[in-house]
Enquirer: 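One structure, as structure tokens, below. Some questions next.
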Amino acid sequence: MPREFPIGLTPPDWLVRNLRAHPATVDRPALVRAALALTLPLAAGLAAGRPEYGAIASMGALNGVISDTAAAYRVRVPTIAIPQVFSAVGITVGTLVHGRGWLAVAALTLVALVSGMISTIGAVASVSGLLLLLSCVVGAGLPLPGEWWLAPLLISGGGLLVLALALLAWPLRLGVPERAAVGGAYRAVADLLAASAAGGAREYDERRHAVTQSLNQAYDTILAHRARHHGRSPELTRLLAQLNAVTPVVEAAPAARLGGGALPPEVPQAVRHLASAVETGYSGPIGLRLPDPATETARALDHALRHAADVVASPDADPRGIDDGLGRPAALGIRTARAARNVALSAASWRYGLRLALCVGIAQALVSLVPVPRSYWIALTITFVLKPDFGSVFSRALLRALGTVAGLVIAAAVLAEVPRGWWDVPVMLLLAPLVPALTPRGYGYQTAAITPVILLLSDILNRLGTALLLPRLVDSLIGCVIALVAGYLLWPESWHTRVGDRLADAVDDTERYVRGAFGPDALGAFARARMRRGLYRDLSVIRTEFQRALTEPPPTGRRAAAWWPLVVAVERIVDATTAARVRVQHGAQPPTAAEVTQVARELRELAEGVRENETLHAVRTLLTGPADSVLEPLRQEVAAARAIASPR
């Protein structure tokens, strides 16, 4: 008979959240690419009698596998190629300062500052900054063979091999990832409608968040392409029209949720039918079997679905009549100049760059002062751990230590039992797919997969065998300690959950959204949709930050948990505003100016209170108005938000 653990032996919630594997689907093509990209250079090096050259190229291929995060081919090219340029620059600098003592300390500290600052620009820049510093650390820590220019050539060639393998299927799958992104957004909306009919409040909130993420991904994919095609691609223009067409359906979902009536199952099924048409590129007639609408909400959904069906069925779309939802991206040169200016003037980018530079400088100085052979692993560990845009620094340090131990167990078996030479090829063929397979599961799993790969490649370069294992474990633990102390504990912003400003900004934007929907200067449909999309995008970022903070130990995680209900409450306020606007558009009586002013005033006061306090306090509010007003659900959500208090 199973026995329960005593309460004192129950692991804390923050530790359980850290160790829990994230749900993820297996990307089989990515597994094949990783296996081929890391194995082919190794085999080529062995065949040429220079296995060390193959090992360096395989390191570059590992960088390419880490960079390969995009699905659409046009996005995949810069996503993989740009980081390889930074990787080549990094290993060049590292090679030139290898064995130069304090010159190496200064160079790596400067590279860490630049890496940290550019990492704040965006996803591609973040990976580029990561590979810039990683390659510089490897170049400064390992004696690489050949002339100074050979290692950059090999490491960038290995990364570009991943890109070449990824592009092999481009002629056969042209447009498929883009259609899948838009179709995925439709399917997420169908799930949201199903949850609004039968699911509880928690399930509906999760589905709404999934819709936001799907729309973000789809818009990012399509708009990034249109920035280069300038609207000349009929296929991308049609996909953008289809993506915009689902917006009225999304807006009608909260109205259906708040209406309280049972939503016919034919409604979400119709959206799934449209999703299949989008994914296959079908442009023929689409017959929707929808019940006759009897209420404002039903009429809104019926109108939105029939409009979406017309757009999906249309083989062409006029680019002049299509709004880009969140605005078409500026030209590449303008965005580059804007990003450089923002990085140079941003206090956040300087703070992160200085934190990373301090930690790497300490690690490299330690290596120079203490005679520890080839302990580049310390700075390597810091580079991976101190990535706030990848997750909580504290959590990553914990998971890095645990993942390294697991990876060393695998590496010990490989280094002890497998002779160096051609046996490395089948071993790498087995180890390489673990990197893309386990990376989506969480950072600890990624570390466990990458560690044996790096150790195998390092052993080809320095031939230390199992003597590598214990020093690498010690180096990892030292790197985690430096990151925790110099990059985490010494910076109060890292472990004090100060979320008031960002959440207060979202509440301010919500107040403007309410006035834009019902005020005297009400916005047009496109402007409202763009404002709502921006709001949900910001709230999605805030939600992600809170979920990361929940993995921190007390008191940070406890504070984040106290603020979490308010994040959900603000999302529901936006939902209620959208639902009220949909009802007005389809026949309901508009609210009075006094009602709108009253709600807007309460939201302004809520924003001020959130911005000024780190601890939530319950506020009693007197929101009054006609019980049958379209704003009654909104008043209830605002009152609920103001009544949230922090637990004692």
Side-chain angles (χ1 to χ4, degrees), residues 205 208-209 212 215-216 250-251 254 325-327 342 346-348 493 496-546 549 559-560 562-581 591 593-623 625 630-631 633-646:
D205 290 337
R208 178 187 55 211
H209 183 53
T212 299
L215 288 173
N216 288 347
V250 176
E251 292 179 341
L326 288 176
N342 291 341
S346 169
E493 66 178 21
H496 282 306
T497 307
R498 176 66 182 176
V499 296
D501 290 341
R502 189 152 197 170
L503 186 56
D505 290 342
V507 177
D508 279 333
D509 291 341
T510 304
E511 185 262 336
R512 284 190 287 271
Y513 179 54
V514 170
R515 288 190 286 106
F518 302 108
D521 300 321
L523 301 173
F526 278 131
R528 282 199 312 274
R530 186 179 296 115
M531 182 179 288
R532 182 185 58 81
R533 286 280 303 116
L535 255 175
Y536 277 127
R537 182 182 285 260
D538 291 343
L539 288 169
S540 178
V541 172
I542 293 172
R543 176 185 279 259
T544 301
E545 290 182 354
F546 267 97
R559 289 171 180 163
W563 283 81
W564 179 255
L566 185 58
V567 178
V568 177
V570 174
E571 291 176 338
R572 290 177 178 173
I573 290 172
V574 179
D575 266 359
T577 304
T578 302
R581 183 66 214 179
E595 290 182 83
V596 177
T597 301
Q598 185 186 57
V599 170
R601 183 184 66 250
E602 291 288 340
L603 288 174
R604 282 196 301 272
E605 292 178 1
L606 175 61
E608 292 171 1
V610 170
R611 188 171 283 112
E612 294 172 359
N613 297 284
E614 288 194 19
T615 303
L616 298 177
H617 299 281
V619 176
R620 302 187 69 179
T621 181
L622 298 175
L623 279 169
V630 293
L631 291 192
L634 176 58
R635 284 194 290 264
Q636 293 177 5
E637 296 294 351
V638 173
R642 303 219 59 187
I644 292 174
S646 61

Enquirer: When rounded to the nearest 0.5 angstrom, what is the spacing between CD in Q598 and CG in L603?
Expert: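 One finds 11.0 Å between CD of Q598 and CG of L603.
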
Enquirer: After noting the C-alpha distance and the side-chain angles of L539 and V570, does the key distance pass the side-chain contact (heavy atoms from CB on, under 4.5 Å) rule?
Expert: CA-CA 8 Å; L539 288 169; V570 174; 3.8 Å; yes

Enquirer: Quick one: are F518 and V599 in side-chain contact, heavy atoms under 4.5 Å?
Expert: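 No, side chains not in contact.
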
Enquirer: Heavy atoms only: give me the nearest A641-I573 pair and the separation to one decimal.
Expert: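 Residues A641 and I573, closest heavy atoms: CB-CD1, 3.9 Å.
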
Enquirer: Closest approach of D575 and R208, non-hydrogen atoms and distance?
Expert: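 Here D575 and R208 meet closest at OD2-NH1, 2.6 Å.
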
Enquirer: In Å, rounded to the nearest 0.5 Å, how long is the span from CZ of R581 to CG of L631?
Expert: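 Interatomic distance, R581 CZ to L631 CG, rounded to 0.5 Å: 11.0 Å.
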
Enquirer: Of all heavy-atom pairs between D205 and R543, which one has the smallest distance, and what is that distance?
Expert: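 Taking every non-hydrogen atom into account, O-NH2, 4.2 Å.
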
Enquirer: Check the pair R533 / N216 against side-chain contact (heavy atoms from CB on, under 4.5 Å), numbers first and verdict last.
Expert: CA-CA 9 Å; R533 286 280 303 116; N216 288 347; 3.1 Å; yes

Enquirer: Report yes if some heavy atom in the side chain of V610 is under 4.5 Å from a heavy atom in the side chain of L566; otherwise report no.
Expert: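 V610 reaches L566 side chain to side chain.
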
Enquirer: Please give me the minimum heavy-atom distance between A517 and R528, naming the atom from each residue.
Expert: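 Looking at all heavy atoms of both residues, the shortest contact is CA-CD, 3.8 Å.
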
Enquirer: If you apply the rule salt bridge (charged side-chain N to carboxylate O under 4.0 Å, His left out), what do you find for E595 with R635, and how did you get there?
Expert: CA-CA 9 Å; E595 290 182 83; R635 284 194 290 264; 2.7 Å; yes

Enquirer: So which heavy atom on L535 is nearest to which on V574, and how close?
Expert: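 Looks like CD1-CG2, 4.0 Å.
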
Enquirer: Does R532 reach the side chain of V250, with side-chain heavy atoms less than 4.5 Å apart?
Expert: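 R532 vs V250: side chains touch.
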
Enquirer: Stepwise, does the salt bridge (charged side-chain N to carboxylate O under 4.0 Å, His left out) test hold for E511 with R604?
Expert: CA-CA 7 Å; E511 185 262 336; R604 282 196 301 272; 3.0 Å; yes

Enquirer: Closest approach of V630 and P633, non-hydrogen atoms and distance?
Expert: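 Between these two residues, the closest heavy atoms are O-CD, 3.5 Å.
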
